[in-house]
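Computed from a predicted structure; not experimentally measured. Just so we're on the same page: letters track the sequence lines, and every chain starts at 1. What you see below is based on every heavy atom in this structure, not just the backbone, and it leaves out hydrogens, waters and symmetry mates.
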Amino acid sequence: MICRNIAVASCTPRDRSFFLDLLKKATTLSHLSQTHAQIILHGLHQDLATLTKLIHKLSDFKAIHHAHRLFLSTRKPDLFLFNVLIKGFATNNSPLSAISLYTHLRTRTNLKPDKFTYAFAIWAAMGHESERFGILLHSNAIVDGFGFDLFVGSVVVDFYFKFSRVEMARKVFDLMPERDTVLWNTMVSGLVRNCCFNDSIEVFRNLVKGGVELDSTTVSTVLPAAAELQDLEVGMGIQCLALKVGFGCDVFVITGLISLYSKFGEIDTVRWLFEQIDRPDLVSYNSMISGYTYNGESESSVRLFVDLLASGQKVNSSTLVGLIPVHSPFGHLQLTCCIHGFCVKSGVVSHASVSTALTTVYSRLNEIETARLLFDETPEKSLASWNAMISGYTQNGLTEMAISLFWEMMLEVRPNPVTITSILSACAQLGALSLGKWVHNLIKSENLESNVYVSTALIDMYAKCGSIVEARQLFDLMKDKNSVTWNAIISGYGLHGHGNEALRLFNEMLHSGVPPTGVTFLSVLYACSHAGLVRKGNEIFHSMVHDHGFQPLPEHYACMVDILGRAGQLTEALKFIEKMPVEPGPIVWGALLGACMIHKDTNLARVASERLFELDPANVGYHVLLSNIYSADKNFLKAATVRQVVKKRRLAKTPGCTLIEVGGTPHVFTSGDLFHPQATAIYKMLEKLTGKMREAGFQSQTLTALHDVEEEEKELMVKVHSEKLAIAFGLIATEPETEIRIIKNLRVCLDCHNATKFISKITKRIIVVRDANRFHHFKDGICSCGDYW
DNA sequence: GTAGGGTTAG
């Protein structure tokens, strides 16, 4: 072959245009090698134009090292050739090589970078994990006068979006003297990628208003925003526009519409849309499959998948991800295992996207160990892989695991807003204020405050860690609040017992244009419950049904029972249950039982618990509650019987523990804890306090309940509850007058509640206690809950 | 143009 080529070469001299043409037509790497050989034979190996084309083609075929070598052998590379190789490095995931080539160009040659240089170099910088190179290049581009070139500008805007710098992207976009379709599309898609859905639609509207020519990319880019905003009207508006300008049959647009309508459960429309596509490609198949899965029609999605396989089409990781029932995992463990098996067999399980989806679905199915195994077996973990595992832990309440995995992750990759949101949720659950503050600083330094998820999680974290004032300040500063943001602050106030402020905010929300959700009503109702606002609660429940058209969920009913029951209106609560249009479930009866506990109504408690033992026999909490009610009623025999049941069935009670942070270090106490290094001092302090408390009129309530309990129980009761230990430690370890904040995993007991009141008065300290239900602010002998919890 | 990771109640 080579011999014949040489023969051809020697008899017919070839010029540059011949080789350029040959290079252009080359479809494999070996074509290129052969052509290269001929170029050398014809003495064109120092011809810049030919070489440039060759280098360009080599990097297109991923032979970037070869391309680089060839570049180095070039005697006098021009700017064009530099640009081609910078682009080559960019497309071959070698951002640092691209940047050093740019540096070489600036420092070692007399050449001046042009708009292509900057566009390619900044594009390459997007592939680096640090944003600093891109920012530097951007400033160089501005100095050299290319900052506002259309080509460079689009790349710069895309770059800032890549690093979540939405404000910078917007600034650059706003300053651009002219804007073409590509720039507008970059802006729209960047906003969508950064979850600024409202903004993306606004930009899209401006684009249409300004008479800019749109393409099908614009339309298909903005469609997901409508889907995310759950705004079908906006989506249909975009669809109409697409039809008007003639993109109605565009595969891209239809594929976008399939995703849009899937999110709204319009599965028939989706099916119809899919049929409108002449020859569906893999992407449209994928969106159809995931549409079925999203709507719980796993059977249909599997069938379509099988069709796709039978037709001999190749599938990709997207296809399999689309099959995994991430959004409706319940009852799909078997299906998930099947898909998992297929992914293993076809080898795509090591794909980060596939294992991430599987990790997610397993952790949502509470199969957290399986999720972890998958995660550990993923060879190249993407940021999403880490996030899936961390959020899996967070959502399963394994907050310590989430946090330790977060530190592990920090050694390898930089966290993004998703990571930060999850980790803040862990802090909130755990009450880890100092870690939460550390994350807040990280958010400030990374300029991520504008992300709604991040700031909502931050508000929730502060509220749950006791700093409702801080939470409110952040809330007031936020520009784009969604319903979750409102829910977080409303429930925050509820948690602190500020029912009226919660109600005020709820009204403000109704006027703000952000629609309330089911959770909004739950948050307001709980706020009413914690503040004893019975009439208000009733009003809101009715308004929810009649004015806002919400079908109450079991949780809403339970909340109403809770409101009535806590306020002592037990008969009304029972009446309410009897009048319910649906069968009352365990949480409704549980709420009633809780109320019976507070108001010591043994008879009603028996009614409620009988129903509960039927409906949810494995739940320990109800047994414990009932036993406590009998004890409080001095019916020790009955109490012992219930406890016997718990024992027989080996139903374990969660042990109580309390956390206190001093100087950023967490200290955890369990009941009767002797393991703390300062245990002696703590108990001494407690003894001193008890003496003073007695003088002030404190009567221990456990002592009255001490007779007629079993020996081991007695021992337990004599032991000191963890919250008292934590408070005593707080008194020792902090300066006088410092506020003491503790977090208890269970509800605070009556005795500790009473004791804390006395301690706050004697020591002149504000003591903030977060228990499983709410916050208690103790000051000068009074608790903010008004003894109502 | 398709897929995977995030916040709110209890």
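Residues from residues 479-495 of chain A placing a heavy atom under 4.0 Å of any atom in DNA chain B, listed by number, are A:Val484, A:Asn487, A:Ser491. Applying a 4.0 Å cut-off to non-hydrogen atoms, the residues of residues 352-361 of chain A that approach DNA chain B are A:Ala352, A:Ser353, A:Thr356, A:Ala357, A:Thr360, listed by residue number.
When heavy atoms are screened at a 4.0 angstrom cut-off, A:Thr421 is found touching base atoms of the nucleic acid. Across all strands shown, A:His327 has heavy atoms under 4.0 Å from sugar-phosphate atoms exclusively, and none from any base. Nucleic acid contact class of A:Tyr526 (heavy atoms, under 4.0 Å, all strands): sugar-phosphate only. Here A:Ser422 lies in heavy-atom contact (under 4.0 Å) with sugar-phosphate atoms only.
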With salt bridge (Lys or Arg N to Asp or Glu O under 4.0 Å) as the test, would you mind laying out the steps for A:Glu446 and A:Arg414 before giving the verdict?
CA-CA 11 Å; A:Glu446 305 260 327; A:Arg414 255 163 55 121; 3.4 Å; yes
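For A:Arg271, the salt bridge (charged side-chain N to carboxylate O under 4.0 Å, His left out) partners at least two apart in sequence or on another chain are A:Asp268, A:Glu297.
Counting only distance, with no hydrogens or angles, the side chain of A:Thr517 and the backbone of A:Val519 share a donor-acceptor pair below 3.5 Å. Although no hydrogens or angles enter the test, the distance criterion places no donor-acceptor pair under 3.5 Å between the side chain of A:Asp771 and the main chain of A:Arg747.
Around CE of A:Met410, the count of heavy atoms belonging to other residues, nucleotides or ligands within 6.0 Å exceeds 12. Other residues, nucleotides and ligands place more than 12 heavy atoms under 6.0 Å from the NZ atom of A:Lys162. Heavy-atom neighbours of A:Glu213 CD from other residues, nucleotides or ligands within 6.0 Å: at or below the threshold of 12.
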Sequence neighbours excluded and cut-off under 3.5 Å, please list the side-chain donor-acceptor pairs for residues 471-480 of chain A, or say none.
{"unit_1": "A:Arg472", "atom_1": "NE", "unit_2": "A:Asp476", "atom_2": "OD1", "d": "3.1"}
{"unit_1": "A:Arg472", "atom_1": "NE", "unit_2": "A:Asp476", "atom_2": "OD2", "d": "3.3"}
{"unit_1": "A:Arg472", "atom_1": "NH1", "unit_2": "A:Tyr493", "atom_2": "OH", "d": "3.1"}
{"unit_1": "A:Arg472", "atom_1": "NH1", "unit_2": "A:Glu501", "atom_2": "OE2", "d": "2.9"}

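Place A:Ser284 and A:Leu383 on DNA chain B by their nearest nucleotides, and A:Ser284 ends up nearer the 5' end.
The footprint of chain A on DNA chain B, defined by a heavy-atom cutoff below 4.0 Å, extends from B:dG1 to B:dG10.
Judged by distance alone, the side chains of A:Arg303 and A:Tyr292 never bring a donor and an acceptor atom under 3.5 Å apart.
Sorted by first then second residue, the salt bridge (charged side-chain N to carboxylate O under 4.0 Å, His left out) pairs that include residues 455-468 of chain A, not counting sequence neighbours, are A:Asp460-A:Lys464.
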